[in-house]
Protein chains: 2
Amino acid sequence: MDTTDDDDLLDLAFMALSDPVRRRLISRLSRGPATVNELAEPFEISKQAVSKHIQVLEQAQLVTRSRDAQRRPVHLNPARLEALTAWIDQYRLVREAQFRGLDAVLHSNAAHGGSSQKDRK
Amino acid sequence: MDTTDDDDLLDLAFMALSDPVRRRLISRLSRGPATVNELAEPFEISKQAVSKHIQVLEQAQLVTRSRDAQRRPVHLNPARLEALTAWIDQYRLVREAQFRGLDAVLHSNAAHGGSSQKDRK
DNA sequence: TAACTAATCAACCTATTGGTTTATCAACCC
DNA sequence: GGGTTGATAAACCAATAGGTTGATTAGTTA
């Protein structure tokens, strides 16, 4: 059931953050856990729609859920957010290093690796 | 077309990175500029499709284009990538700080602005 | 038990996305 | 000029994402 390897997870995460509503949810959750009802309150859209958004975030493991009676609080998962910044920085830093001709930085960052780069040439 | 304020730009950027093909393009471009034909070569899809993807990245200002005769090389724009990591870190760091009960970090970061590279556990 | 609350499921609708193919534009090279 | 190359535009299509409403599952409380 956990057929989500590291690469799929990156896919899901970036996909999840592509929606403005979901980014607002992340923003809200950075201030602490909240239930679906609480999260839905500031939005125009229905509670069900928000629930769906949460599921998308959950599948990307950007959030987790706990249990408190019939409530199911949503928690932010900073570790997964870090994986995103790691991916972005991987390319940003390489390019910036090249701009300055510092390939020392390039090598010290290549170790960080671990994504999907299968290009030839 | 230039009505893209900072927030729209963030929208466009995350949206752009939500596609696996576009992320592979970014990956390729981190090793240096390339033309559409060069970029399209490793992909199954048509050149036109790649061209469209480039336009999406361009609108998000994640890449820029120069001119060389009839070629139009695509260049990565590290500055915009940095804006993404800044956004993510904004929430990730706040949450991580709360985990550890360090709201000192929280306040020093609440000011926000231009977070470069400084976080390293 | 019944009633209430939190959240999800299910069916459905519409706009957008990512892809195709064909045709066109623009700059180079005999 | 005519031909070739690099890149885009236009029209179209299937799949999906994001939204809706209505019904349903759990848990809580009277």
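Lettering of chains follows the sequences in order, A, B, ..., and the numbering in each one begins at 1.
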Item to check | Pair A/Leu29-B/Tyr91, side-chain contact (heavy atoms from CB on, under 4.5 Å): steps then yes or no | outcome: CA-CA 8 Å; A/Leu29 289 170; B/Tyr91 300 114; over 6 Å; no
Checklist entry - B/Leu57 CG to C/dG18 P: how many Å, rounded? => result 11 Å
Checklist entry - Over how many whole Å does the gap from A/Gln59 atom CD to D/dT16 atom C1' extend? => result 14 Å
Next on the checklist: Between C1' on C/dT17 and NE2 on B/His53, what's the gap in Å once rounded to a whole number?
Outcome noted: 9 Å
Next on the checklist: Output the rounded distance in Å from CG (A/Asp68) to C1' (D/dA26).
Outcome noted: 14 Å
Next on the checklist: With side chain to side chain contact (heavy atoms under 4.5 Å, CB included) as the test, pick out the partner of A/Arg92 among B/Leu84, B/Thr85, B/Ile26.
Outcome noted: B/Thr85
Would you be so kind as to tabulate the donor-acceptor pairs closer than 3.5 Å made by side chains of residues 68-77 of chain B, with sequence neighbours excluded?
| residue | atom | partner | partner atom | Å |
| --- | --- | --- | --- | --- |
| B/His75 | NE2 | B/Ser66 | OG | 2.6 |
| B/Asn77 | OD1 | B/Ala79 | N | 3.3 |
| B/Asn77 | ND2 | B/Gln61 | O | 2.8 |

Checklist entry - Distance check: side-chain N/O of A/Arg65 vs OP1/OP2 of C/dA7, anything under 4.0 Å? => result no
Next on the checklist: Please confirm whether the shortest side-chain N or O distance from A/Asn37 to OP1 or OP2 of C/dA7 is below 4.0 Å.
Outcome noted: yes
Checklist outcome for this item: Separation of C/dT17 atom C1' from A/Asp19 atom CG, nearest Å, is 14 Å
Next on the checklist: Show, in sequence, the C-alpha distance, side-chain angles and deciding distance for A/Leu17 and A/Arg22, and conclude whether the side-chain contact (heavy atoms from CB on, under 4.5 Å) test is met.
Outcome noted: CA-CA 6 Å; A/Leu17 286 193; A/Arg22 287 194 288 264; 5.6 Å; no
Next on the checklist: Is B/Ser51 close enough to D/dT8 that one of its side-chain N or O atoms is under 4.0 Å from OP1 or OP2 there?
Outcome noted: yes
Next on the checklist: For residues B/Leu10 and A/Leu81: do they belong to one hydrophobic cluster (side chain heavy atoms under 4.5 Å, members Ile, Leu, Val, Met, Phe, Trp, Tyr)?
Outcome noted: yes
Next on the checklist: Closer than 3.5 angstrom, by distance alone: can the side chain of A/Glu38 be matched with the main-chain N or O of A/Thr35 as a donor-acceptor pair?
Outcome noted: yes
Checklist entry - With no hydrogens and no angle check, is any side-chain donor or acceptor of B/Arg95 less than 3.5 Å from a backbone partner on A/Pro78? => result no
Next on the checklist: Tell me the interatomic distance from B/Asp11, atom CG, to D/dG18, atom P, rounded to whole angstroms.
Outcome noted: 12 Å
Checklist outcome for this item: A/Arg72 CZ to C/dT5 C1', in whole Å, measures 13 Å
Next on the checklist: Judged by each residue's nearest nucleotide on DNA chain D, which is more toward the 5′ side, A/Arg67 or B/Arg71?
Outcome noted: B/Arg71
Checklist entry - Reckon B/Gln55 has a side-chain N or O less than 4.0 Å from the OP1 or OP2 of D/dA9? => result yes
Item to check | Nucleotide D/dT25, atom C1' - distance to CD of A/Gln70 in whole Å | outcome: 12 Å
Hey, what are the protein-to-nucleotides 20-23 of chain D N/O distances that come in under 3.5 Å?
| residue | atom | partner | partner atom | Å |
| --- | --- | --- | --- | --- |
| D/dT20 | OP2 | A/Ser46 | N | 2.9 |
| D/dT20 | OP2 | A/Ser46 | OG | 2.9 |
| D/dG22 | O6 | A/Gln48 | NE2 | 2.7 |

